[in-house]
Amino acid sequence: MKQYKYFKRGVKVPHYKNTENVETTVMPIPDLVEIPMLHHIGAPCEPLVKPGDEVLVGQKIGDSDKYISAPVHTGVSGKVKKINSILFPNGVTVKSVLIETDKKQVVDQSIKPPVINSKKEFIAAVRESGLVGLGGAGFPTHVKLNPPEGIKIEYLLINGAECEPYITSDYRESIENSWNVISGINIIMEYLEIDKVIIGIEDNKPKAVEVLTGIAKTSDKIDIMPLKSKYPQGAEKMLIYSLTGKVVPAGKLPLDVGVIVMNVTSVAFIASYIKTGMPLTKKRITIDGGAIKHPSNIEVFVGTNIKEAIKFAGGFKEEPKKILMGGPMMGVSQYNLESPILKQNNAILAFNEKQSKMPEQTACIKCGRCISACPMNLMPVYFDIFNESKDADQLLKLDILSCIECGSCSFVCPANRYLVQSIRNGKLLVRAKGSK
Ligand code: SF4
Ligand code: SF4
């Protein structure tokens with residue numbers, strides 16, 4: 001087993017992996033699903049169906065002719081009730097397809113395993129599957145797997161770090177669907193002609209390390225590396241450094257250093273799609289937080305709303321004061337329990353009053369802890385200062401756009417400065433000035 005390098009800085013966060021031993025349960029088909037036309041970074045899709053249309057399981061209901069995009073499918077059969085629009089928490093409005101389910105689950109006859117004889121056909125199949133990065137980023141996978149001509153990929157890295165507190169959906173994937181994880185890796189290695197694969201898993205998940213090591217031992221090309229549990233170990237640049245020692249320069253992509261990083265659930269999905277031809281329409285999510293009665297892992301159809309998913313998991317034990325899609329460090333607050341679950345969502349956290357209370361900000365004491373914690377070697381305290389003075393030039397000079405919004409700086413700040421919020425505002429100032 002190789003030795004990891006252990007990226008510098010970052011923070012120790014409590015794990016709260018309350019659901020690590022909770023097997024995934026499958027949620028029954030809801031009466032309604034609302035499937036947005038945007039689950040990914042890139043161009044939104046346009047609906048391919050209209051109100052009154054009957055839809056079948058696996059049917060494509062949205063697509064785009066833009067390269068950075070991914071088609072959208074339905075996992076339920078039923079009738080299209082309405083083409084709606086949804087306001088995402090980031091302020092973007094997106095079209096959605098509201099489907100009344102018939103609970104018959106009639107499968108679209110076009111669903112069959114794709115015929116693949118070349119890399120080109122493999123990439124086309126991945127696009128048709130609707131796969132986007134399932135670790136949360138939502139980058140269309142067919143784009144990631146298709147580097148520009150002349151770029152040689154040395155490593156395929158599999159991200160099973162899952163460093164955010166509470167979330168265990170990838171961990172359950174590694175255990176419950178381990179053969180598909182390894183099978184998906186083998187498929188990608190074959191079509192992309194990659195010889196070296198490393199699966200990175202934090203050392204607080206020994207069972208996942210054990211199970212995947214047992215299966216991968218048949219291959220001399222796949223290494224499993226337990227990584228020290230440290231946040232944000234699962235961030236792309238940190239993972240690349242920890243597993244290979246390579247540094248991705250500011251403004252560059254993993255491809256530029258010969259690396260592709262994929263989430264563990266994404267590679268398992270590729271194996272399943274190649275076998276069945278069923279596109280991405282379901283997702284495992286962790287439901288947890290102080291307001292949740294029974295912390296669980298559940299499998300839902302994409303488009304199921306938060307309220308129904310929480311109800312299936314046993315409901316609330318006390319009034320929730322904050323609902324997050326994702327983990328407590330990088331998750332996005334939801335303003336509405338009717339919001340649908342997207343392909344790339346991996347957790348819903350419902351926090352009670354005590355957990356949701358925002359500590360009061362006090363004046364910065366210039367302790368420098370935010371700088372020591374920043375895994376990107378940035379100076380968050382100055383982002384805060386120059387955001388307040390609205391100095392976009394200084395913010396750009398200090399490389400604010402390299403911030404990955406991991407929240408490590410806010411986490412350690414003894415003055416409770418709202419640093420991530422300042423950074424987000426600061427980035428808007430820089431972009432508004434047209435600097436990037
Ligand atoms: S400045 Fe950005 S990258 Fe650095 S710790 Fe803060 S949020 Fe993370
Ligand atoms: S950690 Fe907080 S108090 Fe310390 S320098 Fe950074 S912003 Fe100021």
Side-chain angles (χ1 to χ4, degrees), residues 5-14 41 89-90 133 135-137 139 159 161-167 202 227-242 246-254 261 324-333 357-431 435-436:
K5 295 199 185 303
Y6 197 21
F7 78 96
K8 295 184 184 64
R9 306 189 176 193
V11 288
K12 282 264 173 211
V13 292
I41 291 173
N90 64 359
F139 190 74
N159 192 349
E162 207 162 52
C163 56
E164 275 256 13
Y166 291 97
I167 309 177
E202 281 198 340
L227 298 160
K228 201 156 186 166
S229 301
K230 187 166 84 154
Y231 183 84
Q233 186 65 256
E236 212 163 54
K237 290 189 177 182
M238 277 78 250
L239 190 81
I240 291 170
Y241 180 75
S242 293
K246 287 174 184 272
V247 176
V248 182
K252 296 284 179 190
L253 297 169
V261 181
L324 285 179
M325 206 70 116
M329 300 298 283
M330 291 187 76
V332 177
S333 268
K357 213 162 184 220
M358 288 290 280
E360 207 173 308
Q361 290 195 99
T362 53
C364 168
I365 56 167
K366 307 274 187 299
C367 65
R369 281 190 216 171
C370 54
I371 297 172
S372 307
C374 178
M376 297 298 290
N377 299 322
L378 301 171
M379 295 204 278
V381 53
Y382 291 107
F383 295 152
D384 198 24
I385 292 168
F386 292 124
N387 172 57
E388 282 203 4
S389 61
K390 304 206 180 318
D391 192 337
D393 293 333
Q394 283 295 343
L395 290 168
L396 184 65
K397 210 163 138 192
L398 290 169
D399 203 13
I400 192 171
L401 297 178
S402 287
C403 166
I404 57 171
E405 298 179 20
C406 68
S408 299
C409 49
S410 302
F411 182 78
V412 296
C413 176
N416 302 315
R417 302 294 307 162
Y418 300 165
L419 296 171
V420 176
Q421 287 88 335
S422 275
I423 290 165
R424 286 186 183 141
N425 281 338
K427 284 183 178 179
L428 290 176
L429 288 175
V430 168
R431 291 194 173 118
S435 308
K436 208 168 197 181

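Start at 1 and go down the list; that is how both ligands and their atoms are numbered.
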Show me which atoms of ligand 2 lie under 4.0 Å from any heavy atom of Cys413.
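Once the distances to Cys413 are compared, the set is 1 (S), 2 (Fe), 3 (S), 7 (S).
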What are the atoms of ligand 2, with element, lying closer than 4.0 Å to any heavy atom of Arg417?
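Listed by number with element, the hits are 7 (S).
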Numbered atoms and elements of ligand 1 in range of [X], under 4.0 angstrom, heavy atoms:
{"X": "Met376", "answer": "3 (S)"}
{"X": "Glu405", "answer": "2 (Fe), 7 (S)"}
{"X": "Cys374", "answer": "1 (S), 3 (S), 4 (Fe), 5 (S)"}
{"X": "Pro375", "answer": "5 (S)"}
{"X": "Gly407", "answer": "7 (S), 8 (Fe)"}

Any Ile423 heavy atom less than 4.0 Å from ligand 1
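Right, Ile423 reaches ligand 1.
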Please give me the minimum heavy-atom distance between Cys163 and Glu202, naming the atom from each residue.
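Minimum heavy-atom contact is CB-OE2, 3.3 Å.
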Nearest-contact summary for [atom] - protein heavy atom, Å:
{"atom": "atom 4 (Fe) of ligand 2", "result": "Cys367 SG, 2.3 Å"}
{"atom": "atom 2 (Fe) of ligand 1", "result": "Cys403 SG, 2.3 Å"}
{"atom": "atom 3 (S) of ligand 2", "result": "Ile365 N, 3.4 Å"}
{"atom": "atom 5 (S) of ligand 2", "result": "Gly368 N, 3.2 Å"}

Is any side-chain heavy atom of [X] less than 4.5 Å from a side-chain heavy atom of [Y]?
{"X": "Lys237", "Y": "Ile404", "answer": "no"}
{"X": "Ser333", "Y": "Pro89", "answer": "no"}
{"X": "Glu360", "Y": "Asn416", "answer": "no"}

Approximate separation, where rounding is to 0.5 Å, of Leu398 CG and Phe383 CZ:
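So the CG of Leu398 and the CZ of Phe383 are separated by 6.0 Å.
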Shortest reach to atom 8 (Fe) of ligand 1 by a heavy atom, considering only Ser410, Cys406, Ser422
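Nearest option to atom 8 (Fe) of ligand 1, by heavy atoms: Cys406.
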Which option out of Pro380, Cys364, Cys370 puts a heavy atom nearest to atom 1 (S) of ligand 2?
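Nearest heavy atom to atom 1 (S) of ligand 2 lies in Cys370.
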Would Lys246 pass as a cation-pi partner of Tyr241, given that its NZ or CZ must be under 6.0 Å from the six-membered ring centre and within 45 degrees of the axis?
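So Lys246 doesn't make the cation-pi contact.
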Whether the Gln233 and Ser242 side chains hold a donor-acceptor pair (N or O, under 3.5 Å, no angle test) is what I'd like checked.
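A donor-acceptor contact under 3.5 Å links the two side chains.
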Do you see a donor-acceptor pair shorter than 3.5 Å between the side chains of Ser402 and Asp399?
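Present: a donor and an acceptor within the cut-off.
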Answer yes or no for Cys409: is there an N/O/S atom below the 2.8 Å cut-off from atom 4 (Fe) of ligand 1?
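It does not; every qualifying atom lies at 2.8 Å or beyond.
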Is there a heavy atom in Asp384 that sits closer than 4.0 Å to ligand 2?
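False for this residue.
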Kindly check if the number of other-residue, nucleotide or ligand heavy atoms within 6.0 Å of NZ (Lys397) is above 12?
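Result for NZ/Lys397: open.
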Looking at Arg424 and Glu405, is there a salt bridge between them, counting it only when a charged N and a carboxylate O are closer than 4.0 Å?
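Answer for the salt bridge query: yes.
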